[in-house]
Amino acid sequence: MSVISLLRTLLLDVVPTIQQTAALALGRLANYNDDLAEAVVKCDILPQLVYSLAEQNSFYKKAAAFVLRAVGKHSPQLAQAIVACGALDSLVICLEDFDPGVKEAAAWALRYIARHNAELSQVVVDAGAVPLLVLCIQEPEIALKRIAASALSDIAKHSPELAQTVVDAGAVAHLVQMLLNPDAKLKHQILSALSQVSKHSVNLAEMVVEAEIFPVVLTCLKDKDEYVKENASALIREIAKHTPELSQLVVNAGGVAAVIDCIGSCKGNTRLPGIMMLGYVAAHSENLAMAVIISKGIPQLSVCLSEEPEDHIKAAAAWALGQIGRHTPEHARAVAVTNTLPVLLSLYMSTESSEDLQVKVSA
C-alpha cells in the first residue's frame, strides 16, 4: 500500500489533528513534483478534501486548500482536475470565511488555478472569485492582501476580457490606494496587477490612469526594493506604449525624468522595463522623443549600452536610442554627440554579440 493511500485513510480518521496532519503531509508531497501531485489525484483524494472544505474547522480547511494549491500549481491538467472535482465553489466560499488564514489559503489555490491559461482563469471568474478577492485586498492582514493582489494579477494577465472583469469589480482604485503601504512585497504584487490590466488596451490603461496612478507610482521608482522599481517601470511602460496621448500624460507627470533617474540607480534586468519605456515614448512622435532628450535620456541609455554585460539589455538600449534618433537630423545629432556611435559599431562588429543585438544596433 502506497504512502498516499495510507494518508488517504488517515484523512477519514476520527481524530481531527490526525486528519489535519495527513492533509498537510499530502500537500507537501504534492508540492514536491508533478508525479506526486498526479498520484494524489489518482488516489481519489480530491473529492474528500473538497467535501471537508465545507464541513471542517479552519485548521483543516487551511490544510485542504494547501493540498489543492500544491496539486494545481504544476500544470493546466492538474489544475483542471481540481476544477473537475468541484473544488472552486468550496474555495470561493472559503474566501468569505471569518478566519483570514482560510481566506489566504483559498486565494493561493485559486491563484494557482488561474495562472495557467485564460480558460482556467475564466472558470475562476465564473465561480465568483473576483469580487471576493477585491474584498480580500481590503482586509488588514498583509499576507492576505499580497496573495489576493497576486491572484487578481494572474487572472487579468490572460486577456482584455479577463482584465475587464477585474476592473469591473472595482479592483483598480483599491490597488492604487494600497501603493502607499510600506510593505515592499505587497507593492510589487499591486504594480504587477496594474501592469497586467494596463497592457491589453488603451481603454484599460486609461482606467488605471484615471484611478490617479500618477504621481504615486513615481515614488515607487525610488523604492529600496529592486522588484518594486522594476514593476513600477513596467507599469509606466505598459501605459505609455499605447498612444502618443498616454505617453504625453506620462511626460507631463514627470514620468520620463523619474524613469531615467531609476535606470541610473539600478543595474541589470531591473533597468529593462525603463529602457523599453523610453523607446516606446520616443517612438510615438518627434516631440515625445525630444522630451526624452531634454530629460537626459540619451546619456543614461549610452551608459546601459556600455556597462551592461547582458546582450538583451544592450539590445533594448540600442533599440531605444534608435527610436529617439530616427525622427529628424536634430534627433540623430543628439544621439551622435554622446559618443554612442563607436560603441554601437563595436557591438555590431563583435563576434560575441547575439544576432538580436546586431539587428537592433544596425536598425
Side-chain angles (χ1 to χ4, degrees), residues 195 198-199 201-202 205-206 208-210 212-222 229-230 232-266 270-308 312-348 357 359-363:
S195 293
S198 302
K199 74 179 185 182
S201 71
V202 177
E206 283 174 347
V208 173
V209 169
E210 282 162 17
E212 298 181 3
I213 192 67
F214 296 103
V216 65
V217 69
L218 303 184
T219 62
C220 296
L221 293 170
K222 298 187 177 78
K229 283 182 179 178
E230 187 178 345
S233 298
L235 172 55
I236 299 168
R237 177 195 67 201
E238 296 300 353
I239 292 167
K241 74 179 186 185
H242 289 293
T243 63
E245 291 75 23
L246 282 167
S247 272
Q248 190 62 57
L249 192 145
V250 170
V251 171
N252 295 349
V256 167
V259 165
I260 292 165
D261 287 347
C262 179
I263 293 169
S265 73
C266 54
T270 308
R271 283 174 155 171
L272 191 57
I275 293 169
M276 298 294 290
M277 176 264 181
L278 294 178
Y280 281 128
V281 170
H284 284 304
S285 73
E286 287 179 26
N287 288 345
L288 286 163
M290 193 51 75
V292 176
I293 294 169
I294 291 163
S295 297
K296 300 192 170 52
I298 294 173
Q300 196 57 70
L301 289 167
S302 301
V303 167
C304 295
L305 205 58
S306 307
E307 272 186 9
E308 287 294 337
H312 69 283
I313 300 173
K314 287 183 191 288
W319 171 79
L321 286 163
Q323 299 307 314
I324 297 165
R326 71 186 176 86
H327 292 286
T328 68
E330 190 186 352
H331 289 79
R333 197 176 308 111
V335 175
V337 295
T338 56
N339 212 27
T340 304
L341 298 181
V343 180
L344 289 167
L345 183 62
S346 69
L347 288 171
Y348 181 66
L357 175 54
V359 168
K360 296 287 195 300
V361 166
S362 62

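A distance of 6.0 Å separates CD1 of I213 from CD1 of I239, quoted to the nearest 0.5 Å. In this structure, CD1 in I260 is found 12.5 Å from OG in S265, a value given to the nearest 0.5 Å. If you take CD on Q300 and OG on S295, they are separated by 12.0 Å, rounding to the nearest 0.5 Å. Remark: I298 CD1 to I324 CD1 distance equals 5.0 Å, nearest 0.5 Å.
For the pair V250/I236, a side-chain contact is recorded, criterion being any heavy-atom separation below 4.5 Å from C-beta on. The shortest side-chain heavy-atom distance between M290 and E286 does not fall under the 4.5 Å cut-off.
Summarising the geometry of K314 relative to C304, their closest heavy-atom pair is CG-O, 4.5 Å, with the distance given to 0.1 Å. Contact detail for A317 and L305: the closest heavy-atom pair is CB-CD1, 4.0 Å. L218 approaches G255 most closely through the heavy-atom pair CD2-CA, 3.8 Å. Across C262 and L221, no two heavy atoms sit closer than the pair SG-O, 3.7 Å. Minimum interatomic distance between V335 and G325 (heavy atoms only, all atoms of both residues): CG2-CA, 3.8 Å. Across every non-hydrogen atom of L246 and E206, the tightest pair is CD2-CG, 4.1 Å.
Residue pairs meeting the side-chain hydrogen bond (donor to acceptor under 3.5 Å, both in side chains) criterion with at least one partner in residues 323-335, sequence neighbours excluded, are Q323-R326, T328-H331.
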Would you tabulate the side-chain donor-acceptor contacts of residues 271-285 under 3.5 Å, counting partners in other chains and residues two or more places apart, or write 'none'?
unit_1: R271; atom_1: NE; unit_2: I263; atom_2: O; d: 2.9
unit_1: R271; atom_1: NE; unit_2: C266; atom_2: O; d: 2.9
unit_1: R271; atom_1: NH1; unit_2: E307; atom_2: OE1; d: 3.3
unit_1: R271; atom_1: NH1; unit_2: E308; atom_2: OE2; d: 2.7
unit_1: R271; atom_1: NH2; unit_2: C266; atom_2: O; d: 3.4
unit_1: R271; atom_1: NH2; unit_2: E307; atom_2: OE1; d: 3.3
unit_1: H284; atom_1: NE2; unit_2: A240; atom_2: O; d: 3.0
unit_1: H284; atom_1: NE2; unit_2: K241; atom_2: O; d: 3.4
unit_1: S285; atom_1: OG; unit_2: L288; atom_2: N; d: 3.1

